[in-house]
Amino acid sequence: MTTEILSTATPADCETSVRRAADILKHGGLVVFPTETVYGLGGNGLDGEAAQKIFSAKGRAADNPLILHVAAPSDASLYAKTSPLFDRLAEAFMPGPLTVILPARSGVPKAVTAGLDTVAIRCPAHPLANALIRACGFPIAAPSANLSGSPSPTCFCHVADDMLGRVDAIIAGDDSEIGLESTIVKILPGDRLLLLRPGAITPEDLKPFCLEITVADAVFKPLETGEKPLSPGMKYKHYAPKTDFVLLDGDADSIKDYLLKQPDKIALLSYEEELPFFSALSNCTTISAGPKTDLSIFAHRLFSLLRIADGEGYQRIFAPLPPPVGIGLALYNRMIRAAAYQIIQLKSE
Ligand code: TXA
Ligand code: MG
């Protein structure tokens, strides 16, 4: 399949590209489009066959449901049974990087929900994503636009690496502002929320809108053998670079001591403040992950850095384990999964 690249260089290009992309989607095709979190691989969310095509383009297991992207939060009630808590969350966080799991209405294809009786609803804030859904007049089903198991794409070149020849078109937008996928919450009875996937909207942000918010155990650790996942995506290997990726839990001194004993040609994703300290290591290339004091920069860069470092032939890529607070929780969750839970505990003072 030839993949059309749709330009966004000028406002006129954006308009033409959105029109062309909507036309492709209306005819059952697939279009990759930018969002504020990561790029999405979209198809008509009301067309089961288009959803099937998404699964095959991505190499995704059919039991892992898709998010339905709507142009306005008020459209959610067309496809899901909403509630006062949903309305409060929508008012505060939509359009934006929040996905809410709600009971599904009957018109949503089984291929989208993977046969579950719930559906994931998100209203993206990115102007191109929003304009595209409006131009279609139907919701867009879209997972992240990576091949299953790889880090989600946060820039056009990484989308092209995975999706050229697999989709009808790619809208060549800007780099994703956030860089990690949306926060996913499920609404539980009694005004309670269950956090299934952390993102830029943190539990601290959500707490004032509900009675209680619980973070699913699977956010912090692998599922136990035989444990049923609360969200199907929890059971799949995720975000992993091909190179061995290992997390180090310790202070800068203990990390340096540990890396000194490692073989040649390793890489470390290092906080900006610690770059000069680690640059003395002759066997290790240091890559800036942004300041320790603002983990949103690390979040913005993580997937992209993993993809870039993957092509450099390092024997191993290391990174410090971030503190799981604020946006750090989302970063922590993606990193432990990218590292296949390889965390080395180092002695700290
Ligand atoms: O930021 C994002 O959310 C991006 C952009 C493109 O919007 N999308 C994204 O989709 O990350 P995906 O498919 O890569 O991740 C969606 C996750 C999966 O882990 C899936 O299992 C879960 O949402 N999910 C979808 N529907 C669900 C449902 N009804 N119940 C529980 N989990 C669900
Ligand atoms: Mg994904």
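For ligands, and for the atoms within them, numbers begin at 1 and follow the listed sequence. The chain is numbered in sequence order, starting from 1. None of these values were measured; they are calculated from a predicted model.
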Chemist: Between Arg134 and Asp75, is there a side-chain N and carboxylate O pair less than 4.0 Å apart?
Modeler: no
Chemist: Within ligand 1, which atoms have a heavy atom of Leu116 less than 4.0 Å away?
Modeler: 28 (C), 29 (N), 30 (N)
Chemist: Heavy-atom distances under 4.0 Å are what count here, so tell me which part of Leu41 touches ligand 1: side chain, backbone, both or neither.
Modeler: neither
Chemist: What is the closest protein heavy atom to atom 28 (C) of ligand 1, and at what distance does it sit?
Modeler: Ile101 CD1, 3.5 Å
Chemist: Purely on distance, is any nitrogen or oxygen of Arg122 under 3.5 Å from one on ligand 1?
Modeler: yes
Chemist: Just by distance, no angles: are the side chains of Asp174 and His126 close enough, under 3.5 Å, to form a donor-acceptor pair?
Modeler: yes
Chemist: Can you name the one residue among Arg60, Lys58, Arg307 that meets side-chain hydrogen bond (donor to acceptor under 3.5 Å, both in side chains) with Asn146?
Modeler: Lys58
Chemist: Any N or O on Ser182 sitting closer than 3.5 Å to an N or O of ligand 1?
Modeler: yes
Chemist: Testing the 3.5 Å rule here: is there a donor-acceptor pair between the side chains of Gln342 and Asp244?
Modeler: yes
Chemist: Return yes if a side-chain donor-acceptor contact under 3.5 Å exists between Arg122 and Thr35, otherwise no.
Modeler: yes
Chemist: Report the nearest protein non-hydrogen atom to atom 14 (O) of ligand 1: residue, atom name, distance rounded to 0.1 Å.
Modeler: Ser144 OG, 2.9 Å
Chemist: Of all the atoms in ligand 1, which lie at a distance below 4.0 Å from a heavy atom belonging to Ile184?
Modeler: 17 (C), 23 (O)
Chemist: Does the residue Arg197 have a heavy-atom contact with ligand 1, meaning some pair of atoms that are separated by less than 4.0 Å?
Modeler: yes
Chemist: What I want to find out is whether Lys26 reaches Asp47 closely enough, with some N-O distance under 4.0 Å, to be called a salt bridge.
Modeler: no
Chemist: Return the closest protein heavy atom for atom 21 (O) of ligand 1 as residue, atom name and distance.
Modeler: Asn64 OD1, 2.5 Å
Chemist: Starting from atom 6 (C) of ligand 1, find the nearest protein heavy-atom neighbour and note its residue, name and distance.
Modeler: Gly40 CA, 3.5 Å
Chemist: Listing residue and atom name, which protein N/O/S atoms are closer to the Mg ion (ligand 2) than 2.8 Å?
Modeler: Ser144 OG
Chemist: I'd like to know if the side chain of Ser56 reaches the main chain of Lys53, judged simply by a donor and an acceptor atom lying under 3.5 Å from each other, with no hydrogens or angles considered.
Modeler: yes
Chemist: Could you tell me, atom by atom, which parts of ligand 1 come under 4.0 Å of a heavy atom of Ala120?
Modeler: 25 (C), 26 (N)
Chemist: Consider only side-chain N and O atoms of Ser279 and Thr286, and report whether a donor and an acceptor are under 3.5 Å apart.
Modeler: no
Chemist: Run the salt bridge (charged side-chain N to carboxylate O under 4.0 Å, His left out) check on Glu181 and Arg334 step by step: do they pass?
Modeler: CA-CA 9 Å; Glu181 307 85 343; Arg334 302 314 191 279; 2.8 Å; yes
Chemist: Distance to 0.1 Å, residue and atom name: give those for the protein heavy atom nearest to atom 7 (O) of ligand 1.
Modeler: His69 NE2, 2.7 Å
Chemist: Determine, step by step, whether Phe245 and Phe318 satisfy the ring-ring contact (aromatic ring centres under 6.0 Å, His included) criterion, reporting the C-alpha distance in whole Å, the side-chain angles of both residues, the deciding distance to 0.1 Å, and the verdict.
Modeler: CA-CA 6 Å; Phe245 180 48; Phe318 293 94; 8.8 Å; no
Chemist: Taking atom types as modelled, is there a side-chain donor on Asp13 or Thr16 under 3.5 Å from an acceptor on the other?
Modeler: no
Chemist: Report, in ascending order of atom number, the atoms of ligand 1 lying under 4.0 Å from any heavy atom of Glu181.
Modeler: 1 (O), 2 (C), 11 (O)
Chemist: If you measure from each non-hydrogen atom of Glu36 to ligand 1, which part falls under 4.0 Å: side chain, backbone, both or neither?
Modeler: neither
Chemist: May I ask which of Thr37, Val38, Asn146, Leu66 has a heavy atom nearer to atom 1 (O) of ligand 1 than the others do?
Modeler: Thr37
Chemist: Check if Ile67 has a non-hydrogen atom at a distance under 4.0 Å from any atom of ligand 1.
Modeler: yes
Chemist: Please determine if Asp23 and Arg20 form a salt bridge, counting it only when a charged side-chain N lies under 4.0 Å from a carboxylate O.
Modeler: yes
Chemist: For the pair Lys292 and Glu274, find out whether any cationic side-chain nitrogen is under 4.0 Å from an anionic carboxylate oxygen.
Modeler: yes
Chemist: Report yes or no: do Ser254 and Asp251 form a side-chain donor-acceptor pair below 3.5 Å?
Modeler: yes
Chemist: Just to be sure I read this right, does ligand 1 sit under 4.0 Å from the backbone of Thr118, its side chain, both, or neither, counting only heavy atoms?
Modeler: both
Chemist: Checking side-chain contact (heavy atoms from CB on, under 4.5 Å) for the pair Arg105/Lys81: CA distance, chi angles, key distance, verdict?
Modeler: CA-CA 7 Å; Arg105 293 202 185 274; Lys81 292 175 193 132; 3.8 Å; yes
Chemist: Looking only at protein heavy atoms, which one is nearest to atom 27 (C) of ligand 1, and how far off is it?
Modeler: Pro65 CG, 3.4 Å
Chemist: Provide, to 0.1 Å, the distance between atom 32 (N) of ligand 1 and the closest protein heavy atom, together with that atom's residue and name.
Modeler: Ser231 OG, 2.8 Å
Chemist: Among all protein heavy atoms, pick the one closest to atom 19 (O) of ligand 1 and tell me residue, atom and distance.
Modeler: Gly233 CA, 3.2 Å
Chemist: Return yes if some donor-acceptor pair links the side-chain N/O of His300 with the main-chain N/O of Glu177 below 3.5 Å, else return no.
Modeler: yes
